[in-house]
Colleague: 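There's a structure below that I have some questions on.
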Amino acid sequence: MRHLARLILIVFTVLRFGLDELALSGFRTRRVRLLVRLITIGRKLDMPRGMRLRLAFERLGPIFVKFGQVLSTRRDLLPPDVADELARLQDRVPPFPAKEARMLVERAFGKPIEAIFASFEAEPVASASIAQVHFATLKDGREVAVKVLRPGMLAVIDDDLSLMRTLARWVERFSEDGRRLKPREVVGEFDKYLHDELDLVREAANAAQLRRNMAGLNLVLVPEMFWDLCTSTVIVMERMYGVPISQTQRLAEAGVDIRKLARDGVTIFFTQVFRDGFFHADMHPGNIQVSIAPATFGRYIALDFGIVGTLTEFDKEYLSQNFLAFFRRDYKRVAELHVESGWVPPTTRVDELEGAIRAVCEPHFDRPLKDISLGQVLLRLFQASRRFNVEIQPQLVLLQKTLLNVEGLGRQLDPELDLWNTAKPFLERWMHEQIGWRGFMERLKNEAPRYVQLLPELPRLLHQALQPRPAAEQRLVEALLIEQRRTNRLLNVLIYVGLGFIVGLVGTQLVTHFLW
Ligand SMILES: Nc1ncnc2c1ncn2[C@@H]1O[C@H](COP(=O)(O)OP(=O)(O)OP(=O)(O)O)[C@@H](O)[C@H]1O
């Protein structure tokens with residue numbers, strides 16, 4: 001019944017906000033179309049479609065709000081006006097009571113809160129749909145931030161997800177337009193994303209990895225996780241002190257070099273992408289602060305590690321080669337790369353793909369190189385590739401979205417930021433390291449432990465190779481030999497019979513010739 005009531009509410013909201021027109025305009029079933037007309041008599045749809053979708057998601061609650069936020073990143077699927085509107089979704093929700101937060105912490109650690117913390121602030125710093133954050137002090141005096149998962153989330157999420165799957169199936173079955181949006185694939189991705197976010201240990205582990213990766217760069221601070229106090233529902237980390245990046249005025253007054261800050265942001269991002277293949281993918285301004293403490297003055301502070309992207313060597317190579325070819329306006333190379341990497345079917349005509357890529361990329365060169373948005377270029381490449389049956393990899397979509405965020409942030413800090421010149425050395429260095437002597441040595445170094453392991457085993461492996469074959473294999477070989485001998489015998493008989501026949505024939509001919 002609960003399920004049914006929620007489903008009715010969802011369908012009602014979809015119709016009230018006119019979303020049936022957005023995704024279901026291609027309804028094939030006349031009866032359904034008629035029913036929708038009847039139910040929606042008298043509704044006014046004077047707001048733009050994107051705004052209607054955003055309001056509907058807000059009405060349906062936090063899980064749908066999150067869904068809208070994730071959907072807004074799929075600019076390769078959505079029209080720009082809808083994606084822009086969805087990106088405005090805020091998932092600030094009223095906090096759950098401090099008493100409940102304390103209880104959840106006590107349940108997670110199995111002891112009273114006083115046994116863990118010297119103090120625990122009742123008022124949360126922030127409260128979002130998945131979790132809320134409280135400041136606290138440990139017994140040894142260290143200041144910490146405690147992130148607590150909102151109670152009962154798993155049940156709500158699983159219910160809403162199963163309804164979303166049902167809706168997605170309906171959309172796919174009844175609407176041609178809707179099918180193009182790949183609703184089931186999108187809900188599937190969202191399901192994975194939400195379940196990842198619900199496990200706070202994953203977030204803590206992401207933070208620890210990023211902290212290690214960024215340690216030598218001296219440009220960004222990542223809070224240390226207190227592993228003894230990290231569970232899947234509560235994590236405790238070092239409390240950071242910084243000024244939100246959006247408060248540029250305050251930062252400038254404190255003496256921070258804003259233009260350097262903009263360049264550093266790009267450097268950090270490209271290091272994460274092209275050196276580590278592991279990047280913070282939730283770079284909205286709320287998650288970024290800047291330190292003004294003397295020891296770490298001007299460094300970024302990264303928060304919230306629920307979403308990270310990972311790239312394989314293959315992805316990195318694809319990206320850097322494509323970017324470099326793009327900036328040389330070598331569209332043929334871009335097209336060839338797509339075919340070589342197996343991204344488009346091997347039967348694709350390179351010249352056709354080249355033409356499509358040229359059409360989407362060339363307009364970007366209308367402006368100075370420094371103003372070109374790499375995020376936009378990547379998006380256009382995805383859009384061009386889609387027409388050639390390319391399935392865009394989710395990690396690349398995540399990267400493209402983060403790239404847009406980083407560029408947006410950089411330009412906000414410094415409208416003159418030359419993104420290409422900041423990014424180019426990274427791509428070139430990466431290519432050089434991959435292709436050159438250093439790349440070879442690096443790969444050899446990576447493989448060396450495996451060789452070291454294999455070498456002592458070599459005599460045994462050789463001996464094994466020279467040993468008589470195991471019984472089963474031996475039997476198979478014998479059976480094959482018997483079969484071969486049988487075939488040989490048969491062949492022999494056939495040859496003899498054939499020869500006999502020929503000899504007989506020739507003999508008969510000779511006898512006939514001489515006797516007659
Ligand atoms: N280690 C920390 N030190 C200081 N403040 C923190 C720390 N972690 C989180 N905060 C504060 O709590 C806020 C929310 O944290 P976080 O983004 O991790 O939570 P969230 O529930 O994932 O929120 P959202 O989904 O909106 O990003 C941050 O914007 C910051 O103000």
Colleague: What do you reckon, is NZ of K111 surrounded by more than 12 foreign heavy atoms closer than 6.0 Å?
Modeller: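 No, not enclosed.
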Colleague: R299 side chain to N218 main-chain N or O, any donor-acceptor pair under 3.5 Å?
Modeller: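 It does hold such a pair.
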Colleague: Within the distance-only criterion (no hydrogens, no angle test), does the side chain of E197 pair as donor or acceptor with the backbone N or O of I130 below 3.5 angstrom?
Modeller: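 Not a single qualifying donor-acceptor pair exists.
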Colleague: Quick check: are there more than 12 heavy atoms from other residues, nucleotides or ligands sitting under 6.0 Å from CZ of R202?
Modeller: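 Counting other residues, nucleotides and ligands, CZ of R202 stays at 12 neighbours or fewer.
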Colleague: Walk me through it: do E85 and R52 pass the test side-chain contact (heavy atoms from CB on, under 4.5 Å)?
Modeller: CA-CA 9 Å; E85 193 64 45; R52 280 187 272 136; over 6 Å; no
Colleague: Go through the steps for R102 and E106 under the test salt bridge (charged side-chain N to carboxylate O under 4.0 Å, His left out), then give the verdict.
Modeller: CA-CA 6 Å; R102 290 172 71 96; E106 290 182 343; 5.1 Å; no
Colleague: So, the side chain of N206 versus the backbone of V308: is there a donor-acceptor pair under 3.5 Å, distance only?
Modeller: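 A pair under 3.5 Å: no.
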Colleague: Nearest heavy-atom pair of I235 and A204: which atoms, and what distance?
Modeller: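 Closest approach of I235 to A204: CG2-CB, 4.1 Å.
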Colleague: Can any side-chain N or O of D196 pair as donor or acceptor with the backbone N or O of Y193 at less than 3.5 Å?
Modeller: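 No; judged by distance alone, with no hydrogens or angles, the pair does not exist.
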Colleague: Would you sort out whether F190 and L161 count as a side-chain contact (heavy atoms from CB on, under 4.5 Å), showing the intermediate values?
Modeller: CA-CA 9 Å; F190 180 57; L161 275 172; 3.8 Å; yes
Colleague: Going by ring pair (Phe, Tyr, Trp, His ring centres under 6.0 Å), name the pairs with one or both residues in residues 119-154, residues two or more places apart or in two chains.
Modeller: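 Only F117-F120, F120-H134 qualify under ring pair (Phe, Tyr, Trp, His ring centres under 6.0 Å).
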Colleague: Is it the case that over 12 heavy atoms from other parts of the model lie below 6.0 angstrom from the CZ atom of R211?
Modeller: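 Atom CZ in R211 is packed in, count exceeds 12.
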Colleague: Considering all heavy atoms of both residues, which atom of W227 and which atom of A208 are nearest to each other, and what is their separation?
Modeller: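 Residues W227 and A208, closest heavy atoms: CZ2-CB, 4.0 Å.
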Colleague: Specify the closest pair of heavy atoms between S72 and L86, including all atoms of both residues, with the distance to one decimal.
Modeller: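 Looking at all heavy atoms of both residues, the closest pair is CB-CB, 3.5 Å.
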Colleague: Measure across L398 and T402 and return the closest heavy-atom pair with its distance rounded to 0.1 Å.
Modeller: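 Heavy atoms only, the tightest pair is O-OG1, 2.7 Å.
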Colleague: For P79 and R49, work out which heavy atoms get closest and say how close.
Modeller: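 Looking at all heavy atoms of both residues, the closest pair is CB-NH2, 3.4 Å.
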Colleague: Closest heavy-atom contact between V290 and L251?
Modeller: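 Heavy atoms of V290 and L251 come nearest at CB-CD2, 3.7 Å.
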Colleague: For the residue pair H195 and D199, confirm or rule out a side-chain donor-acceptor distance under 3.5 Å.
Modeller: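 The answer is no; no qualifying pair exists.
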Colleague: Side chains of D264 and T267: do they bring a donor and an acceptor to under 3.5 Å?
Modeller: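 No, no side-chain donor-acceptor pair sits under 3.5 Å.
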Colleague: Any donor and acceptor pair, going by atom type alone, linking the side chain of D282 with main-chain N or O of N287 inside 3.5 Å?
Modeller: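 Checked: no pair found.
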Colleague: Working note: K147 + D304, criterion side-chain contact (heavy atoms from CB on, under 4.5 Å); need CA distance, chi angles, decisive distance, verdict.
Modeller: CA-CA 10 Å; K147 192 163 181 174; D304 193 359; 3.5 Å; yes
Colleague: Check ring pair (Phe, Tyr, Trp, His ring centres under 6.0 Å) between Y300 and all other residues, then give those that pass, not counting sequence neighbours.
Modeller: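 Per chain and number, Y300 pairs via ring pair (Phe, Tyr, Trp, His ring centres under 6.0 Å) with no residue.
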